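Have a look at the structure below, then the notes.
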Amino acid sequence: PWVATMTVLFLLWRTAFFCGVQVTAFGHQDFLVRPKPGPPFSSPRYVFVGVGGAPSDLAWVERQEKHTGVRYIPVLIQPNPVHAPALQEIVKERGGAFYPNAAWTRDGKRMRLNVASHPIFQNGLDSLFFVRGRHDTSMNVTTVDLARVFRDNIQPDDVVVMRMDCEGAEYELLRHLLLHGWLCRLRRLYLEAHAMSQPKLNKFRTFDVLLPWLLEPCETEVFVDTNYHSTFESIEFWPTEDGVCRQCPLLYVPFQGASKRACPAAAVRPCFDETYTCERCCNVKKYGPRGDRECWRRDWPFEVAKRLPSGSAAYPVPEDVIQRMIDATADQGPEAKDVVLSSLGPQADPEPNPKVFSYEMCCAGMVREVVTMPPVGGPHLSNFLHLQNEGEYWSQDTEPPPAPAKAPVCATMAELYEDSGGGVVNVAQEECNMSAVNVLQGWSFLGQISGSQVLMGQLVGTVTTDEVRWSNQAIWVRRAASRVGETK
């Protein structure tokens, strides 16, 4: 059944592609606020899709333009009307589209948006999933089909970057894009995942880790940010029956996938320097499930190690790492230095210089799991090292997405041909894809062109200026060329 379903979806897509069909949900034109086009864009176009769009997306777009010279067309989706004026202004200034809806798998569904209206949340934690202690009000919203948003705004040659932060709806949406053939169109995906923020989403924790690997053949760079061990809702609602799985770092460090950057988003950057780099120390592909263990041991003898509940060997935190943590948190006030020293230094209680320096602490974002809470109370070290948006590739990124592969050069075939087997062949062409119909013989085929070669079913043809010669000895003569011959 699965194979049959995928086959039907593929055939429907191919039919729509060749026939130039653009499917739009009837009656939902009011969902789209489309401004006048902005300044002209180079080819290929660069498109930024913000699912859970926020005014901060403008800072990312502007930073990309400043550092890379790439100008993005924003396509923003956000159902909370609080953000609508700012997002409409962004697309008005830069071109693009704004959808004042909740992204979902179909158009026009009425759903409840749970709103975190307290100023501390800055209207950034609204969700279709209710979280006790966070959401204090709600509103009715209408959904927009995310696949349709892509169809309406993405052109074949576009370089597409998507940021998705939709507080738990990401799993349904990513599967929807996958089934509709859009996920592999992304050149880069920044995902904030929420599997451990909602009990009903806990089962998707392994999806977070596997997604970069799943899209690696598409050459889609995927950066997944979770912060499961540092966000309030994950800590508060973590299932007690999870047992040892809570301590397993491989559940919280996504595969590297197609990206050239091997440093996890959850990594604590002060752990590393030019010798012990994040890319080296956190590299499980080369060194195994705890990265390069020499990064954690350094000059300590093996017998100094302490075995963590997760199974790793941990060592005292080096003095230079402690100093970099103090420097990195200096802008958070004098309390930050006291917390660093009382958690990791010689005055730490109950264990001076606790043995916590490990893959778990530095690569997997598990500071709260391995570092003891100060006995005198007060904030945990994790509060200073895992700030929201700190360390996320999306918030810091100034590297452009990888350049798209050059489209293959294809011979031009769109023409009418006299078929040596009888009848006229009408060939239509879309880039390197072609379709051919011979009404007299009663057949039609789809094919692909590469250079001067064309593959149609089991047949291989060679395209020349005046004709196409096939491996079954058939010859198609261009109608214009045949008429020249008749004139002569």
Side-chain angles (χ1 to χ4, degrees), residues 46 48-49 57 59-61 63-70 72 159-165 170 174 183-193 207-230 249-292 294-296 321 324 328 359-367 385-405:
Y46 285 75
F48 173 80
V49 180
D57 289 334
W60 185 92
V61 169
R63 187 167 62 249
Q64 292 295 309
E65 188 169 354
K66 176 181 177 181
H67 290 280
T68 69
V70 171
Y72 279 87
V159 176
V160 186
V161 172
M162 180 168 73
R163 182 181 75 86
M164 180 173 280
D165 182 7
E170 59 269 14
L174 289 171
L183 209 50
C184 274
R185 284 296 317 278
L186 299 176
R187 299 301 298 173
R188 183 175 290 169
L189 167 62
Y190 299 102
L191 173 67
E192 185 166 320
F207 179 86
D208 302 340
V209 176
L210 292 173
L211 182 60
W213 170 83
L214 182 67
L215 296 185
E216 186 174 3
C218 309
E219 299 183 354
T220 302
E221 290 187 315
V222 181
F223 301 108
V224 181
D225 185 77
T226 61
N227 287 320
Y228 290 151
H229 293 281
S230 56
L250 291 185
L251 291 175
Y252 313 111
V253 181
F255 282 51
Q256 182 179 344
S259 172
K260 304 299 182 185
R261 291 175 281 184
C263 188
V268 177
R269 299 308 198 272
C271 286
F272 312 105
D273 58 23
E274 293 181 358
T275 301
Y276 298 101
T277 65
C278 178
E279 290 74 14
R280 167 191 167 183
C281 296
C282 299
N283 192 334
V284 298
K285 189 174 183 178
K286 180 176 181 180
Y287 297 104
R290 296 299 185 271
D292 185 353
E294 290 302 305
C295 290
W296 325 124
V321 172
R324 285 197 295 274
Y359 179 90
E360 284 81 344
M361 173 184 170
C362 293
C363 300
M366 298 172 64
V367 174
L385 298 179
H386 290 296
L387 298 178
Q388 183 70 17
N389 290 333
E390 196 66 32
E392 295 180 356
Y393 275 114
W394 172 76
S395 64
Q396 308 295 332
D397 218 342
T398 56
E399 290 191 26

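Since we're looking at a predicted model, the values are computed, not measured. Only this structure's heavy atoms are used, side chains among them; waters, hydrogens and symmetry mates stay out.
Remark: Ser259 OG to Glu219 CD distance equals 12.5 Å, nearest 0.5 Å. To the nearest 0.5 Å, atoms OG1 (Thr220) and CZ (Arg188) are separated by 11.0 Å. Of the inter-residue distances, the one linking Leu250 atom CG with Arg290 atom CZ reads 5.5 Å to the nearest 0.5 angstrom. A distance of 6.5 Å separates CG of Leu211 from CG of Leu183, quoted to the nearest 0.5 Å. The CD atom of Glu360 lies 9.0 Å from the CH2 atom of Trp296; values are rounded to the nearest 0.5 Å. Atom CG of Leu186 and atom CD of Glu221 lie 11.5 Å apart (nearest 0.5 Å).
Contacts of Phe223 classified as ring-ring contact (aromatic ring centres under 6.0 Å, His included), with partners at least two apart in sequence or in another chain: Tyr190, Tyr393. Applying the side chain to side chain contact (heavy atoms under 4.5 Å, CB included) rule to Ala328 yields the partners Pro270; only residues at least two apart in sequence or on another chain are considered. Among residues two or more places apart in sequence or in another chain, the side chain to side chain contact (heavy atoms under 4.5 Å, CB included) test is passed with Asp292 by Arg280, Tyr287, Glu294, Cys295.
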Next on the checklist: Go through it in stages, so that I can follow the logic: the residues are Leu174 and Leu189, the test is side-chain contact (heavy atoms from CB on, under 4.5 Å), and I'd like the CA-CA distance, side-chain angles, deciding distance and then a yes or no.
Outcome noted: CA-CA 11 Å; Leu174 289 171; Leu189 167 62; 4.1 Å; yes
Next on the checklist: Pair Tyr228, Asp208 - check side-chain contact (heavy atoms from CB on, under 4.5 Å), show working.
Outcome noted: CA-CA 11 Å; Tyr228 290 151; Asp208 302 340; 2.5 Å; yes
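Between Val367 and Met361 the shortest heavy-atom distance is CG2-O, 3.6 Å. Closest approach of Ala267 and Cys278 over heavy atoms only: CB-SG, 3.8 Å. When all heavy atoms are compared, the tightest approach of Tyr359 to Pro289 is CE2-O, 4.0 Å.
Under a 3.5 Å cut-off, the side chain of Arg163 and the backbone N or O of Val161 do not form any donor-acceptor pair.
For the side chain to side chain contact (heavy atoms under 4.5 Å, CB included) with Tyr276, the qualifying choice from Cys281, Cys271, Cys362 is Cys281, the only one to do so.
Cysteines Cys263 and Cys282 keep their SG atoms at least 2.5 Å away from one another.
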